[in-house]
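A short worksheet on the structure shown next.
Being a predicted model, the structure only gives us computed values, none of them experimental. Residue numbers start at 1 and run along the sequence shown.
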Amino acid sequence: MKISMKKRKIGYTYGSVSGHYAFRKQKSIAFESTLERDLLTLLEYNDSVSDVIEQPVTIEYTNHNGRAVTYTPDFLVYFKESDADLLKLKRKPLLIEVKPKEKLQNHFNELRAKFQIATRYAQANDMIFKIYDESRIRTQYLKNILFLKRYKRIKYPKEEENKILSYSNAIGNIAVEYILEYLCISKEQKGIMLGHIWRLISDKKLLCNLDKELNLQTEVWINEYIEMEELQ
């Protein structure tokens with residue numbers, strides 16, 4: 001098994017969508033399908049992810065027919081150090097292959113050897129190899145992230161933000177609708193503040209369970225790691 005480094009070249013991909021993803025406005029990451037793009041959206045939102053590299057290595061090997069072939073995984077994901085590292089539970093880098101579920105089902109016998117080689121390579125290099133299809137990527141969590149991104153660029157008054165954060169800090173877990181009822185009078189005010197709450201969740205100043213659909217009954221709580229002066 002030989003390893004070579006290749007830089008992904010993006011061109012037209014028949015039946016798919018390709019391009020470049022502006023990852024945290026720090027780097028451009030190439031993708032070759034909407035499924036890969038959606039995975040990058042998930043990885044970007046995950047604070048534990050420190051870096052993502054597209055097509056990090058090409059593994060050269062000999063298949064069962066004796067032919068020299070290659071396999072290039074889609075992404076390599078690195079994670080930040082955390083308190084868990086002190087307990088020697090450091091999270092290993094993730095080597096990822098992105099494939100539509102239909103293609104996995106219809107061509108798994110052809111793909112099996114490549115995945116086995118990738119697994120061996122990952123184990124030899126202290127990584128974990130995983131395959132991601134729609135069931136792992138296109139979840140309610142992704143839907144919520146895409147919904148929240150709409151509010152990222154909207155600017156709201158700082159004093160209104162402080163009201164929401166201070167009230168949430170004082171009450172603890174609380175449904176969005178109760179924040180609106182307590183802090184707003186008119187329907188118009190509620191509409192504006194609702195957008196502000198979504199923005200605060202997007203900025204992770206307010207937290208909630210993003211595995212469930214976001215609505216007025218969503219329970220939110222303050223992120224205990226935000227700067228305390230923001231609550232004054």
Side-chain angles (χ1 to χ4, degrees), residues 1-13 15-63 68-105 107-108 110-139 141-142 145-146 149 204 210-211:
M1 182 170 64
K2 296 181 179 179
I3 305 300
S4 63
M5 310 301 290
K6 285 187 178 181
K7 187 64 178 176
R8 173 180 282 191
K9 294 180 180 179
I10 292 295
Y12 176 73
T13 306
S16 187
V17 174
S18 60
H20 290 82
Y21 190 97
F23 192 81
R24 295 175 181 166
K25 299 181 180 179
Q26 297 173 358
K27 62 186 296 187
S28 179
I29 301 177
F31 62 85
E32 292 184 336
S33 69
T34 56
L35 197 57
E36 288 188 10
R37 181 199 61 198
D38 290 346
L39 174 63
L40 289 172
T41 300
L42 291 176
L43 295 173
E44 180 180 50
Y45 195 80
N46 187 338
D47 286 339
S48 69
V49 171
S50 62
D51 196 13
V52 180
I53 301 172
E54 80 269 18
Q55 291 196 345
V57 295
T58 293
I59 306 169
E60 303 174 21
Y61 66 100
T62 303
N63 68 10
V69 293
T70 63
Y71 171 58
T72 306
D74 292 311
F75 299 107
L76 177 59
V77 181
Y78 289 100
F79 299 92
K80 297 176 183 176
E81 293 185 0
S82 67
D83 293 340
D85 297 342
L86 301 176
L87 302 174
K88 298 183 179 180
L89 297 174
K90 186 174 181 179
R91 192 167 179 185
K92 294 181 179 181
L94 202 57
L95 193 63
I96 295 177
E97 172 67 25
V98 179
K99 277 282 185 290
K101 187 175 182 180
E102 183 179 2
K103 191 165 187 177
L104 287 172
Q105 291 174 337
H107 303 281
F108 191 77
E110 303 167 31
L111 297 169
R112 187 197 305 272
K114 293 183 177 182
F115 297 160
Q116 289 173 339
I117 286 292
T119 300
R120 284 167 48 195
Y121 171 81
Q123 290 173 345
N125 290 274
D126 203 28
M127 301 173 180
I128 297 173
F129 175 69
K130 284 193 176 181
I131 303 165
Y132 277 70
D133 62 11
E134 294 92 334
S135 66
R136 278 187 162 177
I137 298 173
R138 290 181 175 154
T139 59
Y141 192 90
L142 176 65
I145 292 173
L146 294 174
K149 284 181 78 170
K204 298 175 185 173
L210 289 174
D211 289 321

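Distance check: Ile145 CD1 to Thr139 OG1 gives 7.5 Å after rounding to the nearest 0.5 Å. Between the CD atom of Glu110 and the CG atom of Leu104 there is a distance of 11.5 Å, given to the nearest 0.5 Å. The structure places CG of Leu95 at 10.5 Å from CD1 of Ile131, a figure rounded to the nearest 0.5 Å. Rounding to the nearest 0.5 Å gives a distance of 10.5 Å between CD of Gln116 and CZ of Phe129. One finds the CD atom of Glu81 at 14.0 Å from the CZ atom of Arg91 (value rounded to the nearest 0.5 Å). Rounded to the nearest 0.5 angstrom, Phe79 CZ and Ser48 OG are separated by 5.5 Å.
Checking side-chain atoms of Thr70 against main-chain N and O of Ile59 turns up no donor-acceptor pair under 3.5 Å. Looking at Thr41, its side chain does come within 3.5 Å of a backbone N or O of Arg37 through a donor-acceptor pair. Here the side chain of Arg24 pairs a donor or acceptor atom with the backbone of Glu44 at under 3.5 angstrom. Here the side chain of Glu32 pairs no donor or acceptor atom with the backbone of Ser18 at under 3.5 angstrom. Checked by atom type and distance alone, the side chain of Asn125 never pairs as donor or acceptor with a backbone atom of Met127 at under 3.5 Å.
The two residues Leu43 and Val52 make their nearest non-hydrogen contact at CD1-CG2, 3.9 Å. Residue Phe75 comes nearest to Ala30 through the heavy atom pair CE2-O, 3.8 Å, listed as atom of the first residue, atom of the second, then distance. In terms of heavy-atom proximity, Pro56 sits nearest to Pro73 at CD-O, 3.7 Å. Minimum interatomic distance between His20 and Ser28 (heavy atoms only, all atoms of both residues): CB-OG, 3.1 Å. Residue Thr72 comes nearest to Val57 through the heavy atom pair CG2-O, 3.2 Å, listed as atom of the first residue, atom of the second, then distance. Residues Ala113 and Tyr61 come closest through the heavy atom pair C-OH, 4.3 Å.
Arg136 pairs by the salt bridge (charged side-chain N to carboxylate O under 4.0 Å, His left out) definition with nothing, not counting sequence neighbours. The side-chain contact (heavy atoms from CB on, under 4.5 Å) search around Lys27 returns Phe23, Ile29, Asp51, Ile53, not counting sequence neighbours. The salt bridge (charged side-chain N to carboxylate O under 4.0 Å, His left out) check on Lys99 picks up Glu97, with sequence neighbours excluded. In terms of the side chain to side chain donor-acceptor pair (under 3.5 Å) criterion, Tyr45 has no residue partners (sequence neighbours excluded). For Phe108, the side-chain contact (heavy atoms from CB on, under 4.5 Å) test picks out Arg112, Phe115, with sequence neighbours left out. For Lys204, the salt bridge (charged side-chain N to carboxylate O under 4.0 Å, His left out) criterion is met by Asp47, not counting sequence neighbours.
Counting heavy atoms from C-beta on, the side chains of Tyr78 and Val49 never come closer than 4.5 Å. Taking the side chain as every heavy atom from C-beta outward, Asp38 and Arg138 approach each other to under 4.5 Å. No side-chain heavy atom of Leu94 sits less than 4.5 Å from a side-chain heavy atom of Leu76. Taking 4.5 Å as the limit, every side-chain heavy atom of Val69 sits out of range of all side-chain heavy atoms of Thr62.
By the 6.0 Å contact criterion, CD on Gln105 is enclosed, its count of non-hydrogen atoms from other residues, nucleotides or ligands being greater than 12.
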Fill in: Glu134 vs Lys101, side chain to side chain contact (heavy atoms under 4.5 Å, CB included): CA-CA, chis, key distance, verdict
CA-CA 6 Å; Glu134 294 92 334; Lys101 187 175 182 180; 3.3 Å; yes
Worksheet item: Between Ile137 and Leu42, is a side chain to side chain contact (heavy atoms under 4.5 Å, CB included) present by the stated rule, with each step listed?
Response: CA-CA 8 Å; Ile137 298 173; Leu42 291 176; 4.1 Å; yes
